Amino acid sequence: MEFRFVFMAFLPVMVTAFPDGAPVDACVKPRPNQPYHGQARSQPIETLPYTVSATSNEYEPGKKIAVIIKGDTFRGFFLQARDVAKDHWIGTWDEAPNTKGLPECSAITHADNRDKLQATVVWTAPQGSPGGQVIFTCTNEGGC
């Protein structure tokens, strides 16, 4: 079963991807529940050139959930996971080739600046959690 979520997406002209991934200061969140990208704001969902989907929005301790970004060519991305009820960042990401984790804020980012048509990453729910619902927020060069 595939679930679709509403994600933060930013206009292509307003986002600059870092060639080796987002820095840890991207974790700073002056706006609640949004990755930090300066003055950039979400664009309307109907104009997004990408889809972001997850295999589930429910988690239990240790559960793995795949998150897929696909659509037009993009180079960079930044994904975070947030517990819906507790309103805080949670879990870890399995690093894969061409990705790097930012455990300071339960995030994962690209580790190269090559063109991509799709990125699939795996999030792992925390072992000490009772479970609940998770939402993933995403930004990328080009908007996701």
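Residue numbers count from 1 along this sequence. Computed over heavy atoms, backbone and side chain alike; hydrogens, waters and symmetry mates excluded. Keep in mind it's a predicted model, so treat the numbers as computed, not measured.
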Kindly compute the distance separating [atom1] ([X]) from [atom2] ([Y]), expressed to the nearest 0.5 Å.
| X | Y | atom1 | atom2 | answer |
| --- | --- | --- | --- | --- |
| R82 | C105 | CZ | SG | 10.5 Å |
| D115 | D72 | CG | CG | 11.5 Å |
| T120 | I68 | OG1 | CD1 | 5.0 Å |
| Q118 | T51 | CD | OG1 | 8.5 Å |
| Q80 | T109 | CD | OG1 | 10.0 Å |

Item checked: Check: T92 main-chain N/O paired with S106 side-chain donor or acceptor under 3.5 Å ->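 The answer is no, because no donor-acceptor pair under 3.5 Å joins these two groups.
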Next item on the list: Give every residue pair that meets the salt bridge (charged side-chain N to carboxylate O under 4.0 Å, His left out) criterion with at least one member in residues 116-126, sequence neighbours excluded.
Entry: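 The answer is D112-K116.
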Margin query: Can you confirm whether V121 sits close enough to T99 that some side-chain heavy atom of one is under 4.5 Å from a side-chain heavy atom of the other?
Written below: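 Yes. Closest side-chain heavy atoms under 4.5 Å.
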Check: Given F136, which of W93, F77, Y59 fulfils the ring-ring contact (aromatic ring centres under 6.0 Å, His included) condition?
Finding: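 The option that passes is W93.
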Notebook entry, point to check: For the residue pair G131 and P61, what are the closest heavy atoms and their distance?
Noted result: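 Distance-wise, the nearest heavy atoms are N-CD, 4.4 Å.
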Next item on the list: Grab the two heavy atoms, one from W123 and one from A81, that are nearest each other, plus how far apart they are.
Entry: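 Minimum heavy-atom contact is NE1-CB, 3.2 Å.
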Tell me, please, which residues at least two apart from [X] pass side chain to side chain donor-acceptor pair (under 3.5 Å).
| X | result |
| --- | --- |
| E95 | none |
| Q133 | E58 |
| K64 | D94, T124 |

Checklist line | Derivation and outcome, side-chain contact (heavy atoms from CB on, under 4.5 Å), residues I65 and V134 | finding: CA-CA 10 Å; I65 297 175; V134 63; 4.0 Å; yes
Item checked: Pair I69-L79, side-chain contact (heavy atoms from CB on, under 4.5 Å): steps then yes or no -> CA-CA 10 Å; I69 307 166; L79 277 166; 4.1 Å; yes
Checklist line | V122-W89 co-clustered via ILVMFWY side chain contacts under 4.5 Å | finding: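 The answer is no; the residues belong to distinct hydrophobic clusters.
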Note to self: Is there a side-chain contact (heavy atoms from CB on, under 4.5 Å) between K70 and L117? Walk through the geometry before answering.
What the structure shows: CA-CA 6 Å; K70 63 181 174 180; L117 292 174; over 6 Å; no
Check: Side-chain donor-acceptor pair under 3.5 Å between S129 and Q127, yes or no?
Finding: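 Not at all, the side chains of S129 and Q127 share no donor-acceptor pair under 3.5 Å.
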